[in-house]
Structures are given as C-alpha cells and as structure tokens.
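Beneath this line is the structure, given in structure tokens, with notes to follow.
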Amino acid sequence: MSNILPLAFYQRPDPVQIARELLGKHLYTRIDGVLTGGRIVETEAYAHLNDQACHSHLGRYTARTKIMYEPGGVAYVYLIYGRYALFNIITNEAGKADAVLIRGLEPIEGIPEMLLRRGLPAVQRNLTAGPGLLTQALGITTKHYGTDLTGDTIWLEDHREVVPTDRIIASPRVGIDYAGADAALPWRFRLAGSKWVSPAK
DNA sequence: GCTCAGATCGGCT
DNA sequence: GCCGATCTGAGCA
C-alpha cells in the first residue's frame, strides 16, 4: 500500500493530538514473512515535559529510554513485569522524547497467525485487546526496539477513515497512579463501542 | 550490591 | 478479587 503514514506525521510536536489521530489508523507487521495487522482502537499519550508518567520525563536517559530521544517515527518496545512487550511510537523531533502507547487493536489481517502466536483456538477478545497482547499477536518483541516505522517490518497506514470526535472517549491513563497529579490527565483515547479496547478500568 | 516497584495478564480462590 | 511470573532501573547503602 502506498498510504503509509510518513515521518512528518510522527514528527509533530503534540503527542496528545497524534494519539487521537492514530485511532482508526491501521498497524501492520511483516515478521518471519507473515503479514499481520489491524485497526488501532486505543492509545495513550506520554509527553517528556511535565509528565511524571513518561519514562523520559525530566530528561531521564537510560539504555531503555535512549531511543525516545531519536526523531519521531521509530518503535519504542520495552518489557514490563519481565514478561510483556509494550509497543510505543516515538513522536516529536530529536531530543523531545514524546511517545504514544498502542493499547488496543481490532484484528484484520493474518488472523490465523495471530491465533497461533497467542495460543488461542478461536478469535476472542483477548487476542489483541490489551497492550501486552497485541504485541504477541503481531510478533513484536524487544528485538524491534528502534525499528523504523516507515520500513517494511512494522508500519502504519491511513485508510482515510474519519473518526467523529464524539466517538472518541478520553479518560485517565491506566496503571500510572505513581505519577501523582499527572495520573489524572485524560490522555487515554478509545473508540466508543469497540470490543477491542483493553479491559482495564 | 541489594531491594523494591512497575504503562500487564492469566490463573486461581 | 488477589497473586505470581520475571526483567529493568531507580534509590539507597
């Protein structure tokens, strides 16, 4: 497809705006020669400035967050609880380490392969509804840390779907109570009525 | 060098 | 509803 989202989409300054716009876009991977993908239905924004929930806030710079300081349009994949890979898209320009976490995906392409990777017998909600699950289904692992999102391994496409503003639910992000007042920011975005949003409260 | 908690999920009570 | 799996990094000594 030629409607791959260009670097210019990611390198804009407002991760909250980008997180909203990513709803209804499609995420694909071609890993081990197998095409899998689906429609993004849930995201969260993380900003490096004034956001204690963000791994890069206040310029925190470690082996894990290094990639966040690259120019937007690369993958930030990290392991949580030693067990699940979470997939983020780095946004903004170099040195401004913003990110968008993908939390929910509606499976469309390569469903048999996704079932195999998840060890499930049939399509059900926990195939891709959750940030640690959709990475398994798509075959994304920490090996994909730093992958260029305009390449042929992981990429996003614009299918010209127009998502009406009143179908987007904004709410506080999940699992970041430690971030103090920033935990209340309504930076989690979901498509109303989608069964593929994560089950988290 | 040690301890503790985390942007999670699935299994068990 | 609670608990454990299992790795990274922060905070402290």
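Numbers restart at 1 for each chain; the letters A, B, ... are given by sequence-line order, proteins then strands.
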Distance, rounded to the nearest Å, where A:Tyr81 contributes OH and C:dC2 contributes P:
16 Å
A:Tyr78 has an atom OH; how far is it from atom C1' of B:dT8, in whole Å?
9 Å
Salt bridge A:Arg173-A:Asp51, side-chain N to carboxylate O under 4.0 Å
yes
Rounded to whole Å, the NZ-C1' distance (A:Lys66 to C:dG9) equals 17 Å
Do A:Glu44 side-chain atoms and A:Val100 backbone N/O form a donor-acceptor pair below 3.5 Å?
no
Nearest-Å distance for atom pair CZ/C1', residues A:Arg83 and C:dG4
8 Å
Give one of base, sugar-phosphate or nothing for A:Gly82, where a contact means two heavy atoms less than 4.0 Å apart.
base
Within this structure, what is the CG-OG1 distance for the pair A:Leu7 and A:Thr91, rounded to the nearest 0.5 Å?
12.5 Å
Would you mind pulling out the nucleotide paired to C:dT6, Watson-Crick or G-U wobble, both distances under 3.5 Å?
none
Determine the interplanar angle of the A:Tyr28 and A:Trp155 rings, folded into 0 to 90°, and report it as parallel if under 30°, tilted if 30 to 60°, perpendicular if over 60°.
parallel
Do the side chains of A:Lys25 and A:Glu157 get close enough for a salt bridge, i.e. N-O under 4.0 angstrom?
no
note: A:Tyr145, atom OH; C:dG9, atom C1'; distance rounded to Å ~ 13 Å
Taken to the nearest whole Å, CZ/A:Arg64 to C1'/C:dC7 is 10 Å
Counting the benzene-type ring for Trp, do A:His48 and A:His57 have ring centres under 6.0 Å apart?
no
Round to the nearest Å and state the distance from A:Ile176 atom CD1 to B:dA5 atom C1'.
15 Å
Closest to side chain of A:Thr62, choosing from B:dC9, B:dG6, C:dA10
C:dA10
Salt bridge check, A:Glu106 against A:Lys195: does any charged N sit closer than 4.0 Å to a carboxylate O?
no
What nucleic acid atoms does A:Arg173 come within less than 4.0 Å of, heavy atoms only: base, sugar-phosphate, or nothing?
nothing
The correct set of residues in residues 91-124 of chain A placing a heavy atom under 4.0 Å from DNA chain B is A:Leu101, A:Arg103, A:Arg118
Rounded to whole angstrom units, what separation is found between the CG atom of A:Asn126 and the P atom of B:dG10?
5 Å
Residues, nucleotides or ligands: over 12 heavy atoms within 6.0 Å of A:Lys96 NZ
no
May I ask you to check whether A:His55 and A:Tyr78 place their ring centers less than 6.0 Å from one another?
yes
A:Leu86 side chain, from C-beta outward: closest of C:dC7, C:dA10, B:dT8
B:dT8
Proximity to DNA chain B (any heavy atom under 4.0 Å), residues of residues 43-56 of chain A only
A:Tyr46, A:Ala53, A:His55
Expressed in whole Å, how much space separates the C1' atoms belonging to C:dT8 and B:dG10?
22 Å
